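This report refers to the structure that appears directly beneath it.
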Amino acid sequence: MLLGEIITGIGVLFLFLGCLGIVRFPDVYNRLQAGTKCTTMGAFFTIVGVGIMEPSWIFKTLIIAVFILLTNPISAHALGRASCKTGVPLSDKTVVDKTKEFRECEKV
Amino acid sequence: MRSFKDRKMRAGKNGNFFYLFGTLFVLWLFLTSSLKPAEIFAGVTVSLILALLLKGWYSNLGFPVLTPGRICFSVIYIFVLFWEIIKANFDVAYRVLHPKMPIKPGIVVIKTGLKSAMAKMFLANSITLTPGTFTLDIIDDNLLVHWINVKTADTTEATEIIGGRFERYLKRIFRP
């Protein structure tokens with residue numbers, strides 16, 4: 001019971017950090033980083049923690065967690081790819097941008 | 001066109017049948033979470049019927065044929081992936097909380113030596129789940145990756161840092 005509460009607490013903390021990252025980071029791509037990384041573990045721990053608190057749900061919560069792990073990177077990739085293709089600008093802090101070189105290997 | 005080699009490592013219709021049956025039955029066990037004979041019988045029947053009906057529909061996915069070596073490396077791979085996910089979360093959490101926000105974002109290209117589409121999909125998704133990197137696009141064997149803390153702009157070095165730790169295992173799992 002206590003273990004479940006602790007794990008859910010850690011999950012909520014990571015979800016909070018993810019939200020904070022979305023507010024603080026400068027451009028779409030960095031925000032996606034915060035949005036996907038922290039919510040993967042945040043959602044995972046929150047759901048599994050609930051499963052531990054309520055032992056008869058544990059297998060169902062595990063299934064939900066696995067589906068989140070499978071679908072999370074795909075949604076992030078879709079958003080990133082769409083913003084990359086429509087030319088959403090990068091922030092001033094960006095060091096390298098090899099998008100052009102990459103598009104050239106498509107033509108060859 | 002798929003090469004001959006590529007086709008050889010794919011599971012055929014029967015292989016797909018076992019994949020489907022296994023997945024459906026495990027899903028059933030988890031959802032019912034009981035081991036009563038009646039429940040298990042119903043689960044086996046339903047999974048069997050669905051797997052028989054749908055086995056021809058999944059040939060595009062190209063799962064590799066299961067061998068003990070592949071299963072072993074898949075298990076290792078899952079642990080490696082979990083460890084990387086945990087590291088990724090602490091890494092991004094640190095960057096969010098640090099008052100100066102130590103980010104150095106950039107977009108780099110990396111190359112992969114993996115051949116099958118399935119293996120590339122696994123690699124791209126693993127990269128998205130790990131420390132400060134996510135895959136934006138993929139053309140043949142080039143991956144466009146956004147990196148939150150760029151260490152090098154060089155393609156070969158970036159490949160080693162970002163993709164190296166997964167490719168080692170994926171190569172073994174998806175080797176023909």
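Values reported hereafter were calculated over all heavy atoms of this structure, with side chains retained and with hydrogens, waters and symmetry mates removed. A note on names: the letters A, B, ... follow the listed sequences, proteins ahead of strands, and every chain is numbered from 1. What you see is a predicted model; the values in this text were computed from it and never measured.
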Does some side-chain heavy atom of A:T8 sit less than 4.5 Å from a side-chain heavy atom of A:F45?
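SC-SC contact between A:F45 and A:T8 ruled out.
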Between A:I52 and A:I7, is there a side-chain heavy-atom distance shorter than 4.5 Å?
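With C-beta onward as the side chain, the pair touches.
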Mind checking the OH-CG spacing from A:Y29 to A:L79? Nearest 0.5 Å is all I need.
11.0 Å
Select one option (side chain, backbone, both, neither) describing which atoms of A:I58 are under 4.5 Å from chain B's heavy atoms.
neither
Can you say whether B:L29 sits under 4.5 Å from chain A via the side chain, the backbone, both, or neither, judging by heavy atoms?
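Looking at B:L29, nothing touches chain A.
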Could you tell me which portion of B:Y94 (side chain, backbone, both or neither) has an atom closer than 4.5 angstrom to a non-hydrogen atom of chain A?
neither
Do B:F25 and B:F18 have ring centres separated by under 6.0 Å?
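No; B:F18 has its ring centre 6.0 Å or more from that of B:F25.
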Let's test your reading of the structure: which of A:L32, A:L13, A:V66, A:V23 forms the most heavy-atom pairs below 4.5 Å with chain B?
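Greatest number of close heavy-atom pairs with chain B: A:L32.
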